[in-house]
There are 2 protein chains.
Amino acid sequence: MSKDTLPGLTLCNNAMLRRAARKLGQFYDDVMAPSGLKATQQGLLYQIHIGNEPAMGAIAASLIMDLSALGHTLKPLIRDGYVETFADPDDRRIKRVRLTPQGLVKLDEAMKLWHVAQQRFEDVAGKDKAERLRAALDEIAALDFDLPPAS
Amino acid sequence: MSKDTLPGLTLCNNAMLRRAARKLGQFYDDVMAPSGLKATQQGLLYQIHIGNEPAMGAIAASLIMDLSALGHTLKPLIRDGYVETFADPDDRRIKRVRLTPQGLVKLDEAMKLWHVAQQRFEDVAGKDKAERLRAALDEIAALDFDLPPAS
DNA sequence: CACGAATAGTGGCATATGCCACTAAATGAA
DNA sequence: TTCATTTAGTGGCATATGCCACTATTCGTG
């Protein structure tokens, strides 16, 4: 195939996903900036909030995030006093996570901005389209790419 | 709203996008691992390849990526000898990028793996669904979130 | 009970991305 | 031509994510 007629990056599912994620991330981050939180941090605080003092592993699993990545991401939030951790009394391997009172206040503040971004997105993209998109993304997150065992 | 009935993260467009991106990224990275390249790097090499010695700004724009982020991402590829840069003779502010011969070889190798991942994804997700998804993601990338000027 | 296997996290290292302040180069207007 | 402005990148700093090797616990079994 000649270079001039090569298909663009529009063909790679992964590349398109990342590109859209950068775009949307920049927008949400922008709107949330006044709170001092990135959209990812707001999302993480929210996830912790709706969980029942979730274990790190549980959070990582629901966000489809590497456990160590979660640990790293949590650090600035702990440092800033929004989140605290404690060992599960029944299984000391397990570390549970919860919001501090300040974390709760900050989350409230951030959620207001999140609503603005979310609303703006749905206004621009269309509510139906947004909903269908989220459903499609949720499906992808649930896919199983494992090849069946060779035997 | 009570904590028990709070909606999950399934409602945030941005969070869902990032979550799906992590999932798919892990899969593509996994398949491409034998080449020593991450999916992002393969995508970047490809983008450079199909461009005509593109300027950094042009690459950043088409990937919707911050210019400085592109610079950072390029560094390991330059260090490993896959990519080289040179100043545009007509405008020395502009830095153009091209693959080295080794970069071209590496890209070929990576593309073979990319095809495997891409094919597997489409087998599992469905070809139609994948195509519709990419189209939706492309639309998002093209959206304009700016509010009309206040005046 | 003793010990090997499985589970949950941590820390180090590397890439992915962004923002901001700063520099170099090109441009346009006085 | 001169100088303010705009354009294109760079470097530093910070977060986002992942993998791997390693430690601490718990569990299951002989």
Side-chain angles (χ1 to χ4, degrees), chain A residues 14-15 17-30 32-33 36-45 47 54-61 63-80 82-83 85-97, chain B residues 14-15 17-30 32-33 36-45 47 54-61 63-80 82-83 85-97:
Chain A
N14 187 47
L17 199 45
R18 296 190 80 93
R19 195 168 77 119
R22 283 190 294 269
K23 170 87 175 195
L24 211 51
Q26 283 167 26
F27 170 62
Y28 274 76
D29 277 354
D30 224 44
M32 313 251 293
L37 293 179
K38 309 291 221 59
T40 47
Q41 298 181 313
Q42 175 270 335
L44 183 49
L45 290 188
Q47 191 66 27
M56 292 197 51
I59 300 172
L63 296 182
I64 313 184
M65 181 180 298
D66 184 271
L67 181 56
S68 76
L70 174 62
H72 300 319
T73 304
L74 230 33
K75 272 180 190 164
L77 296 172
I78 293 171
R79 177 201 61 200
D80 295 341
Y82 299 142
V83 160
T85 61
F86 59 101
D88 182 309
D90 296 331
D91 185 340
R92 285 178 309 168
R93 287 173 305 179
I94 296 178
K95 188 195 274 189
R96 295 189 174 279
V97 188
Chain B
N14 187 48
L17 198 45
R18 296 190 80 95
R19 194 169 78 120
R22 282 190 294 268
K23 170 87 174 196
L24 211 51
Q26 283 166 27
F27 169 62
Y28 274 75
D29 278 355
D30 224 44
M32 312 251 293
L37 293 180
K38 309 292 220 59
T40 47
Q41 298 181 313
Q42 175 270 335
L44 183 49
L45 290 189
Q47 191 66 26
M56 292 196 52
I59 300 173
L63 296 182
I64 313 184
M65 180 181 298
D66 184 272
L67 181 56
S68 77
L70 173 62
H72 300 318
T73 303
L74 230 32
K75 273 182 190 163
L77 297 172
I78 294 171
R79 177 201 60 201
D80 296 340
Y82 299 141
V83 160
T85 61
F86 60 100
D88 183 309
D90 295 332
D91 184 338
R92 285 180 307 170
R93 286 173 305 179
I94 296 178
K95 188 195 273 189
R96 295 188 173 279
V97 187

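It should be emphasised that the depicted structure is a prediction, and the values quoted were computed from it without experimental measurement. In what follows, chains carry the letters A, B, and so on, assigned in the order in which the sequence lines appear, proteins first and then strands, with residues in each chain numbered from 1.
- Which of C:dG18, D:dT17, C:dA8 sits closest to the side chain of B:R22 comes down to D:dT17.
- Set against D:dG9, C:dT15, C:dG11, the side chain of B:A55 has D:dG9 as its closest nucleotide.
- Of the candidates D:dG9, D:dC20, D:dG11, the closest approach to any side-chain atom of B:S68 belongs to D:dG11.
- When each of A:D90 and A:A39 is assigned the nucleotide of DNA chain D bearing its nearest heavy atom, the one mapping closer to the 5' terminus is A:A39.
- One atom, CG of A:D29, and another, P of D:dA14, lie 17 Å apart when rounded to the nearest Å.
- With DNA chain D read from its 5' end, the first of the two nearest nucleotides for A:Q41 and A:R92 is the one closest to A:Q41.
- The nucleotide whose nearest atom lies closest to any side-chain atom of A:D66 is, among D:dT25, C:dA16, D:dC19, D:dC19.
- The listed nucleotides are C:dT15, C:dA16, C:dA8; the one nearest the side chain of A:I94 is C:dA8.
- Using a 4.0 Å heavy-atom cutoff across all strands shown, B:G57 reaches sugar-phosphate atoms only and no base atom.
- Using a 4.5 Å heavy-atom cutoff, the side chains of A:T73 and A:T40 are not in contact.
- With DNA chain C read from its 5' end, the first of the two nearest nucleotides for B:P89 and A:D30 is the one closest to A:D30.
- For the pair B:I59 CD1 and C:dT17 P, the computed distance is 14 Å after rounding to whole Å.
- Closest to the side chain of A:K38, from the set D:dA8, D:dT15, C:dG9, is D:dT15.
- A:D88 has its CG atom 13 Å from the C1' atom of C:dT7, to the nearest Å.
- Side chain B:R93 to base D:dT7: a donor-acceptor pair is found below 3.5 Å.
- Within the 4.5 Å cutoff, side-chain heavy atoms of A:L37 are placed close to those of A:L77.
- Contact detail for B:L63 and A:R22: the closest heavy-atom pair is O-NH2, 2.8 Å.
- With A:D66 contributing its side chain and A:S68 its backbone, the two residues share a donor-acceptor pair below 3.5 Å.
- For B:T40, the listed nucleotide lying nearest its side chain is C:dT17; candidates were C:dT17, D:dT15, D:dT17.
- Of the candidate nucleotides C:dG18, C:dG12, C:dT7, C:dG12 has the atom nearest to the side chain of A:H72.
- In this structure, CD on B:Q26 lies 10.5 Å from CG on A:N14, to the nearest 0.5 angstrom.
- Considering all non-hydrogen atoms of both residues, A:L70 and A:M56 come closest at CD2-O, 3.2 Å.
- A close approach under 4.0 Å does not occur between any side-chain nitrogen or oxygen of A:Q26 and OP1 or OP2 of C:dT17.
- Atom NZ of B:K75 is separated from atom P of C:dC13 by 19 Å (rounded to the nearest Å).
- A:M56 has its CE atom 13 Å from the P atom of D:dG18, to the nearest Å.
- In this structure, B:L77 atom CG and C:dT17 atom P are separated by 12 Å, rounded to whole Å.
- Rounded to whole angstrom, the span from the CG atom of A:D91 across to the P atom of D:dT25 amounts to 10 Å.
- Within 4.0 Å of A:R79, counting heavy atoms only, lie sugar-phosphate atoms of the nucleic acid but no base atom.
- Note: CZ (A:R18) to P (C:dG18) measures 10 Å, nearest angstrom.
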